[in-house]
Structure formats: structure tokens, C-alpha cells
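Worksheet for the structure shown next.
Naming: A, B, ... by sequence-line order, numbering from 1 per chain.
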Amino acid sequence: MTDQRFDPSSADGRWQRAWEVAGSFRADSDSNKPKSYVLEMFPYPSGRIHIGHVRNYTMGDVLARFKKLTGHEVLHPMGWDAFGMPAENAAMEKGVHPGGWTRANIEHMKAQLKRLGFALDWSRELATCEPEYYGHEQALFLKLHEAGLVYRKESEVNWDPVDMTVLANEQVIDGKGWRSGAEIEKRKLSQWFLRITQFADELLEGLSSLDTWPDKVRLMQENWIGKSKGLRCTFRLVDSDSGIEVFTTRPDTMFGASFVAIAPDHPLAQRMAATVPDLAAFVAECKKGGTTAAEIETQEKRGFNTGLSVSHPLESHWHLPVYVANFVLMDYGTGAIFGCPAHDQRDLDFARKYGLPVHRVVADGDETGEVFRGDEAYTGPGHIVNSRWLDGMTVDEAKAAVIARAEHEGWGKGETQWRLRDWGVSRQRYWGTPIPFIHCAACGIVPVPESQLPVVLPEDVDFKTPGNPLERHPTWKQVDCPGCGGSAQRETDTLDTFVDSSWYFLRFASQPTDKPFDRDEVAKWLPVEQYIGGVEHAILHLLYARFWTRALRHIGLIDLDEPFASLFTQGMVTHETYSRPQGGRDIWFGPEEVERTGHGATLRADGGPVTIGKVVKMSKSKKNVVDPDTIVDRFGADAVRWFMLSDSPPERDLPWSESGIEGCWRFVQRLWRLFAEHDTAATGEDKALDRKLHQTVDAVARDIEALAFNKAVARIYELTSAIEKAPPSASRSGAIRTLVQLVAPMMPHLAEEAWTNLGQQGLVAESDWPTVDPALLVEDEVTIAVQVKGKLRDTLTVAKGLSNTELEALALASDKVQRAIDGAEVRKVIVVPDRLVNIVA
RNA sequence: GCGGGUGUGGCGGAACGGUAGACGCCGGGGACUUAAAAUCCCCUGUCCCUUGGACGUGUGGGUUCGAUUCCCACCACCCGCACCA
């Protein structure tokens, strides 16, 4: 006799051990089954698993388990994106070592993941912070260097002048350092770059082959790469031989130009600043603040009139003033622009502020006057006006015409420009992959010989003072030059952690000790059939991984263009917030501190009311987090997994709720009763139930493959109700056995327990997905909607496949329809077979 | 500021241009019980002159016999913006 209730506290661990003993989720490279590589973005080991991880990994797990049931050899691995800033912050705040902290976090989080019963091949686990991983990364970096894809150049960082350290963008708050509170400055450093722009065209073209990626991600990447055709041309300085080189994507608006602006770090600005103190002060002022685009573009547009003038290339006696402006970026184009205020918002803001002329040169309607009014630039299509020989052309025609003339007259040429910039990978930090180069006074910058890899991080570092501990370490950076043998220094920059995550999916395919990956194993498993992670990675991580894959193919290490055949971006897990104003600001309470009471909520501690706030992403600062361990303790892994899959479509946010998880718990028990209490000896056929069963199996399979888990869940609820209501029969017994298999990918522990209790041999995780009889998928009756002038007036249940005339006659015979027509003349009847009749009267 | 997305009952959501609200949660009523828990059954978009009807998918327009779905404009919220991962 089975227990009355399903007890996850005993069943979960028992089945997790059974899978481990059976090696159910070991991926066998030599299997001749079709291969399926299911991958979720690996986590940063922050300390504890977040409920968002649980959602992400549950989705991948359902797919991986389903693939196994449908006859695939599945690779479903897990690892750790283990380098990064939080470990150094912990070291500074708590005095622990980043390595010890990270490894302890990994142990804890691994145990948390295991409790959820994920079908992972733990034999392939990796952590990017171990030399066994990053040593291979150093070797790859050196190979890319040999191929000319790695170089050094100057680039700006956020400099904290008090802590004397480089800050990440997130450490700059309102232009000030997060610890010191000092005003941040932009400072130039010589840094390492990867030549991603060499692949810009390929990365753009490749997007069209990724037709199972979300359109939004492809669009975002396309915009990020930002291919644009434009004109590079020279504006000659008046009374000088030299000029200012400008790049523009809008040569059509050239006659609307009213000024030229250069970046504060443009060579001309730098030269002039040396002799003009006011300009030097302005340039220094521009150095304040952070380096992010959002910050630069939202700050007030300011400029400094240099007093210089340039001639307009199309009209040499027409002179334009030259400004140094804080919104012009040295990194993009030539570091100089011409401003056409009427048709660019930034230029318009600037022109209004400095009283510069605003000429309309593109018109979309009757308004064609030269004087442009208002504070909203017109950037849409139209025809050119007030522009001499360009008048009447479309924007595109005018662009081509100006480029043609510039090339003919020799003052400029058409050019393709990319918004994408090369990837700066230098980080002035300890907890990352050391960049394997040596600085020698005699030989310059020399690669570490492959035989000396890995360059291992020193363990004995201190975090008491800010800055890079590698730089300060007493001995680590002192080495002999591999070239001349003289004394030299190691590079102390480490690699951006995005490098670590740009090839981990290759290392999962095989883990040889003498090389980063085995080419044949990569060929067997890659590309990843389904990659799942958050939208926040839509651009950077995914673009870098695509680039790295192409770069490795370029140097002949693999034969793969795109690493991820299909991509899915899941939504966040959210929760309502609880707060109470105190001392002029809100203080927040966690869900476990609060009692929900009908409409409101009270604080358990004092019984007083708290405000129920917005439903937002779970975060420590708002305290609206739930801990996966706690809920697994209370409800077991299956109820938690089921909740992760129910209700919300997987690409949308999922609001966590106490009542929701309780509902899932009740459903687990409801299934358990159904499995335990039914009459296994019953005989006889139940055609309607058979039909429902086969329709459900078919639909659930399609839903899982489309990752529409919420729909699969809804169908399983429907089938469960249908089985519960059906009288005992052989059909019903069969349906219950099949239902166990349907829920097995989602609630694997319950399913194993039930499978055994039903007398089935082996593990349900290793069984075969039920087959569908196509004959049972079709219904023989359909319900037809009958509308009069588009409004529903009646429904008819009729045999499937009636002709249009039969349906029309049946519809007109309806009393309700006749009442709605009310004697009016029937002008038209629209019939959609097996669906609807619409009478237009 | 720029790029991308989302918007449907009290809540999460479903719906090849064709019956809006499947399925779940909450709530209400009932059954069982000494009682509670658990479980089961029924009801549950709003409004009205309630055997019926009107309204209703962020807002305002448009296309169509018919629009949650397609087009245009707007509003609100969310994500990304190159050193958070």
C-alpha cells in the first residue's frame, strides 16, 4: 500500500541517487543516437542560487529530459562563470580570499542545484577560475595574437583619483566613485583589444541564418553592429593648409550645416588647449564624469567656440565655426562632425543653446521654408529643399549625389562605417585570467611561450589597499624575458570575464588536458541545439561568443560559424515589494517578514501595516527575494519546478507568489492520488478519453519543443481532470501510465515514484515517449460560431466537414439568427468551413 | 538621449484575422467532518430594464463582413548601451 501523500523529503533524494547510480544523464560521445546539446547560460557563483536560476535551469532540464525520452543522446552540462568583481569586493569587505570565497560558493550552489533534480552531466563540470580552464584560454589568446586579432591601443577608463584605481561603470554613481565619493575622471590607458570589427560584416550576415533566434535579439545585434554608409570628407580650415576630417551618415543634409564640432580629445583640440587656457579648462571639464554612452548622451550638450572657421566643401566662401563639444566621441568615425541642427536632435539642442542658424533642408510636406522652428529635429524621410542642385531629390538620392561629387572633386569619399568597436579586454584587476604577455625593456611586449602556460594567479595577495593586487605583488610580475633572458615584467591586466564565457560551451564537449578542446568532439556536439538565458545577454555575451567562435574557425581550430543554433531568452522572476516609510525614505521587508491579509499586508514583528509595492525583479536591495532552499524544503523539487513552468509564458516575467506555489503543491498531491488510487484491473474502452489522451500527448510534445511550457502545463491540467472524471476502464489505466510519462520531464521525482508503483520496469527518465495514433487526433464534431454582422448570435454543433451551403442553411434556420436579422435583407454570407458563418444583413 | 521589448478580468495568462477570457491563482457558496486541515462539487469580466442585451484586450484613429491579432500616432512600464554578470 502506498502512502496517502507524496513525500518529497524522502523521494527526491532517493531518485536523485538512482539517476546518479544509473548514470542516466552522462552524455556518451560514442552513442549513435542523434545528438542534442541543451545548454543554459552558466551562473556566476555569487553565493546562493537565485530563483531566476531555478527558472532558467528548469526550462533547459525539461527540454533535455524530453530529448532523452524521444531518443536523443543528450549533452546537458553545468559550470561556473567564476571570475569577476564580486569576489574581489568580498575580499575587500570580509577579508576572505577571492578564490576561497568563489570555491565555497560553487560547492554550496552545486548542492542547491542537485536538490532540484536537474538532469545534468556533472562529470563535465568546469569553473573558469581554475588554471585547468584559464590556461587553455591563455593559449587561445596567444594564437589569436599570432593571427593578428589581438593588439594594444589607448582607451579611456573611469579613474578614481582618491582610491587611485580604475572603476567599472557600475561603480560610478552620478559621476562619483562608489567608495571614495570622489569625482571620477576619464583617463587613457594602453590596453589589450580583440579585433572583432574584422568580423563585423560576417557577424551581421550570420544573423540571417539564425532564424530560430528571437527577432528582437537579431535586431538588437544588427543595430549594435550598426553598419552605415556615409561620407568621409575634409572641411578646410580658413587661412590654413590643414583641415578637419569629418564622417557623416547624412551627406544629404550638407547644405544644412551650421557648425563643425570636434571631440575634446581630438588632436586639434589638444594642440589648441596647450596655448588657450580657457579651452584647456573646458577640455579638463569634459574629462569629468563616467565613460558610458548613456551618461555622455544624457548630459547637457556643451561646447567651446575655438574661434577657428572652416570652409564648407560645397561652397568654399561659406564659413562655419568650429566648436569643441562634449557629445562628440573620439572613438566613433573621425572624432569630428558637422552639425545639421534641423535634422539631428543633438545638433539642434546644441544650436539652440549657442544661437547657431537652423536651416531646413529636408521637407516631408508643405512646410519648406529655410528657417526651421521648434525644438524637435526632423529625422524622417522626405525630399531635399534649400540645397541648390540637390533640391527635389529624395534623401537617398541626395546622399549618393553628394558622395559622387565629393569623390569626383577629391575632397571626400564614400565609406562604410560601423558602430561596433573593437573589444577592449584589459581589466586592471586580480580575479581574472592573466594576460600571457611580458614587458621587456629590450624586446618590447613578448608573448609567454606556450610551454610556460598557464600563467597562474598568485595566491598571496592583499586587498587592503585599492588598485590591482597583481601590480603591487612583491615578486609575481618579475620574470626573465623569454626573448633576451633579461629581467622583465609580466602584464598585470587580466581578461574581461566575457572572454571566459566566449568558449566554455566548446570545453563542455570534451576536456582534454593538453588542449582547450578536441576538434572531433566539438564537431560531434556543436552547435548547441538550444541555448537558454536572460535577455540581458542579448548583445554583449552573445555577440562576443559568436565572434570568438568565428575567430577560432579563422585560425583553423574548429569548423563552426555559429555556436548556438537556437536561442531562447527567458523572463525574470519578480515579486511584490513590502515597504514602510521611515525617516524620509522607504525601508523594505522580505516576504517572510510579512503576513498577507486579503487586500493588504502587515508586518509580523509588530502587526502594523506595510505598503504593498510594485511587482519587480527580485533584488537584495528591495528584499523581495525567496530562497530556493527554503521552498524546496517546504514543497519539494517537483512543486517548485512545476511553478517555474506554469502560467507565465517563459519569455515573460514570472511573478512569484505564495499561493501559486501552494497551488502547485496541491497539484503534485492530486496527481499522486490519481496515480495511487486508480483501479489497475479495469477493462473496457473509453474512446473519448483515448482521443483526449492522444491529443494531449501530441500537443505537449509540440509545446515542449517550442518551449511553451505554460501551454503544456495547461493541457496536462485538462487531461488530469478528464481522467479523474472518467469511469474505470483499460483506457483510463493506460492514460494514467501515459500521464506519468508526460509529467516526467517536469516533475521527475514524482514520476519515478509513480512509475515504480505502477509496476513499470526501469526508470521513467529512460523510457520512451508515448507514441501518438494520428487517427485519434481528429474530432468528428465541431462547434460553429454564427455571427450576424460580425456579432456572435448563436453556436451550432454539427458534423465535421459540412459544405458551405449546408452550413449557411443551418445558420439561417436559427431562431436567434432570425431575430437578430429582424427581417432585413441578407446581403452577404461569409462561411469559414468548420469554424464560422457570418451573415451580413 | 539612443536601440529593443511588453501592455487582455482582482492576479498570471489563452486565443491560424473568425465564439475574447482556455488553464491556474484569489474570492464566494455548498458537501464531508464533533471541529479543523485535506479533499470534492458549483459560481466567479463589467454594467443593465436579466428566458435577453450593451460594453469590454493601455489610449486615440484606420483597414476589414469580422481586429487582442494588421497599419498609423500616442501613453505607461521593463531590458540593453561596450569595465555588473
Exercise for the section: Classify the nucleic acid contact of A/G424 as base, sugar-phosphate or nothing, counting any heavy atom under 4.0 Å across all strands shown. Expected result: sugar-phosphate

Handout entry: A/S648 side-chain N/O to B/rG12 phosphate OP1/OP2 under 4.0 Å
Key = no

Exercise for the section: Assign A/W224 to base, sugar-phosphate, or nothing according to its heavy-atom contacts below 4.0 angstrom with the strands shown. Expected result: base

Fill in the blank from the handout: Per the O4'-C1'-N9-C4 / O4'-C1'-N1-C2 angle with a 90° window around 0, B/rG9 comes out syn

Fill in the blank from the handout: Of the candidates B/rA85, B/rG1, B/rG18, the side chain of A/I830 sits closest to B/rG18

Handout entry: Sugar-phosphate, base or nothing in reach of A/F327, heavy atoms under 4.0 Å
Key = nothing

Practice task
Identify whether any heavy atom of A/S426 sits under 4.0 Å from a base atom; if not, whether one sits that close to sugar-phosphate; answer base, sugar-phosphate or nothing.
Solution key: base

Problem - Distance, rounded to the nearest Å, where A/F643 contributes CZ and B/rC25 contributes P - result: 12 Å

Practice task
Please measure how far the C1' atom in B/rG7 lies from the corresponding atom in B/rG58, and state the result in whole Å.
Solution key: 6 Å

Exercise for the section: Could you tell me whether A/L654 contacts a base, only the sugar-phosphate backbone, or nothing, with contacts defined as non-hydrogen atoms closer than 4.0 Å? Expected result: nothing

Fill in the blank from the handout: To the nearest angstrom, the CG-P distance between A/L540 and B/rA82 comes to 8 Å

Practice task
Give A/H537 one of three labels, base, sugar-phosphate or nothing, depending on what nucleic acid heavy atoms sit under 4.0 Å from its own.
Solution key: base

Exercise for the section: Could you work out which one of B/rG13, B/rA82, B/rA85 sits closest to the side chain of A/P649? Expected result: B/rG13

Practice task
For A/I839 and B/rG18, give me the distance from atom CD1 to atom C1', rounded to whole Å.
Solution key: 14 Å

Practice task
Measure from the side-chain N and O atoms of A/D703 to the backbone N and O of A/F709, and report whether any donor-acceptor pair falls under 3.5 Å.
Solution key: no

Handout entry: A/S648 (side chain) donor-acceptor with A/D653 (main chain) under 3.5 angstrom
Key = yes

Practice task
Compare the minimum distances between each of B/rA82, B/rC78, B/rG53 and the side chain of A/M572, then state the nucleotide with the smallest one.
Solution key: B/rC78

Exercise for the section: Determine the contact category for A/T795: base if any of its heavy atoms lies under 4.0 Å from a base atom, sugar-phosphate if only primed atoms, P, OP1 or OP2 are that close, otherwise nothing. Expected result: base

Handout entry: Mutual orientation of the aromatic rings belonging to A/H537 and A/H541 [parallel < 30°, tilted 30-60°, perpendicular > 60°]
Key = perpendicular

Problem - Nearest-angstrom distance from the residue atom CG of A/L203 to P of B/rA82 - result: 19 Å

Practice task
Check every strand shown and say whether A/P43 touches a base, only sugar-phosphate, or nothing at a heavy-atom separation below 4.0 Å.
Solution key: nothing

Problem - Candidate nucleotides B/rC83, B/rA14, B/rG4, ranked by approach to the side chain of A/K711 - the nearest - result: B/rA14

Exercise for the section: Determine the Euclidean distance between corresponding C1' atoms of B/rC49 and B/rG10; express it in Å to zero decimal places. Expected result: 28 Å

Handout entry: Pairing partner (Watson-Crick or G-U wobble, both distances under 3.5 angstrom) of B/rC70
Key = B/rG62

Exercise for the section: Would you indicate which nucleotide in B/rG1, B/rA22, B/rG5 comes nearest to any side-chain atom of A/T298? Expected result: B/rG1

Exercise for the section: Would you indicate which nucleotide in B/rG18, B/rA85, B/rC25 comes nearest to any side-chain atom of A/R666? Expected result: B/rC25

Handout entry: Distance test, side-chain N/O of A/R429 to OP1/OP2 of B/rC83, below 4.0 Å
Key = no

Practice task
May I ask you to verify whether the side chain of A/N223 and the base of B/rG3 hold a donor-acceptor pair under 3.5 Å?
Solution key: no

Handout entry: Phosphate OP1/OP2 of B/rC78: any A/K216 side-chain N/O under 4.0 Å
Key = no

Handout entry: Non-hydrogen side-chain atoms of A/I225 and A/W418 separated by less than 4.5 Å
Key = yes

Fill in the blank from the handout: Side-chain atoms of A/T783 come closest, of B/rC65, B/rG12, B/rU19, to B/rU19

Problem - Sugar-phosphate, base or nothing in reach of A/V166, heavy atoms under 4.0 Å - result: base

Practice task
Would you mind telling me which residue lines up with the more 5' stretch of RNA chain B, A/M220 or A/Q787, judged by nearest nucleotide?
Solution key: A/M220

Handout entry: Separation of atom CD1 in A/I225 from atom C1' in B/rA82, rounded to whole Å
Key = 13 Å

Fill in the blank from the handout: Between CG of A/L671 and P of B/rA38 the distance, given in whole Å, is 18 Å

Exercise for the section: Answer with base, sugar-phosphate or nothing: what part of the nucleic acid does A/A538 contact at a heavy-atom distance below 4.0 Å? Expected result: nothing

Handout entry: A/K186 atom NZ: more than 12 heavy-atom contacts under 6.0 Å
Key = yes

Fill in the blank from the handout: Any strand, both distances under 3.5 Å, Watson-Crick or G-U wobble: B/rA38 pairs with none

Problem - A/L189 vs A/W159, side chain to side chain contact (heavy atoms under 4.5 Å, CB included): CA-CA, chis, key distance, verdict - result: CA-CA 10 Å; A/L189 290 181; A/W159 180 255; 5.8 Å; no

Handout entry: Complementary nucleotide of B/rU6, counting Watson-Crick and G-U pairs under 3.5 Å
Key = B/rA76

Exercise for the section: Would you state whether a donor and an acceptor, one from the side chain of A/Q191 and one from the base of B/rC83, lie under 3.5 Å apart? Expected result: yes

Practice task
Return the nearest nucleotide to the side chain of A/R419; candidates are B/rG18, B/rC26, B/rA82.
Solution key: B/rA82

Completion exercise
Tested for ring-ring contact (aromatic ring centres under 6.0 Å, His included) against A/W642, the lone hit among A/W665, A/F635, A/Y717 is A/Y717

Practice task
Report the nucleotide, chosen from B/rC83, B/rG4, B/rA85, that has the shortest atom-to-atom distance to any side-chain atom of A/Q428.
Solution key: B/rC83

Practice task
Check whether any side-chain nitrogen or oxygen of A/N710 sits under 4.0 Å from OP1 or OP2 of B/rG24, and answer yes or no.
Solution key: no

Practice task
For B/rG61 and B/rC16, measure between their C1' atoms and round to the nearest Å.
Solution key: 27 Å

Problem - Euclidean distance, atom CZ of residue A/R819 to atom P of B/rG52 [Å, nearest integer] - result: 7 Å

Practice task
Classify the nucleic acid contact of A/V829 as base, sugar-phosphate or nothing, counting any heavy atom under 4.0 Å across all strands shown.
Solution key: nothing

Problem - N/O (side chain, A/R652) to phosphate O (OP1/OP2, B/rG7) under 4.0 Å - result: yes

Problem - Euclidean distance, atom CZ of residue A/R670 to atom C1' of B/rU39 [Å, nearest integer] - result: 11 Å

Exercise for the section: State whether A/R218 and A/D215 are salt-bridged, where the test is any N-O pair (Lys NZ or Arg NE/NH1/NH2 against Asp/Glu carboxylate O) under 4.0 Å. Expected result: yes

Exercise for the section: Before accepting this row, confirm whether a basic side-chain N of the pair A/R152/A/E491 lies closer than 4.0 Å to the acidic partner's carboxylate O. Expected result: yes

Practice task
Provide the distance between the two P atoms, one in B/rC11 and one in B/rG18, to the nearest whole Å.
Solution key: 26 Å

Practice task
Let me know, please, whether A/A714 or A/K789 comes out on the 5' side of the other along RNA chain B by nearest nucleotide.
Solution key: A/A714

Problem - From B/rC55, B/rU19, B/rA82, nucleotide with atom closest to A/N169 side chain - result: B/rA82

Problem - Glycosidic conformation of B/rU68, taking syn as within 90° of 0 and anti otherwise - result: anti

Exercise for the section: Taking atom types as modelled, find out whether A/R250 and A/S228 have a side-chain donor-acceptor pair closer than 3.5 angstrom. Expected result: no

Problem - Base-pairing mate for B/rA20 - Watson-Crick or G-U, with both contacts under 3.5 Å - result: none

Problem - Under-4.0 Å side-chain N/O to phosphate OP1/OP2 contact, A/R835 with B/rG18 - result: no

Exercise for the section: Looking at every strand, decide which applies to A/L836 at a 4.0 Å heavy-atom threshold: base, sugar-phosphate, or nothing. Expected result: base

Exercise for the section: Please work out if A/E295 contacts a base, only the sugar-phosphate, or nothing of the nucleic acid, heavy-atom cut-off 4.0 Å. Expected result: nothing

Practice task
Look at the side chain of A/E297 and the base of B/rC81, then say whether one donor and one acceptor between them are separated by less than 3.5 Å.
Solution key: no

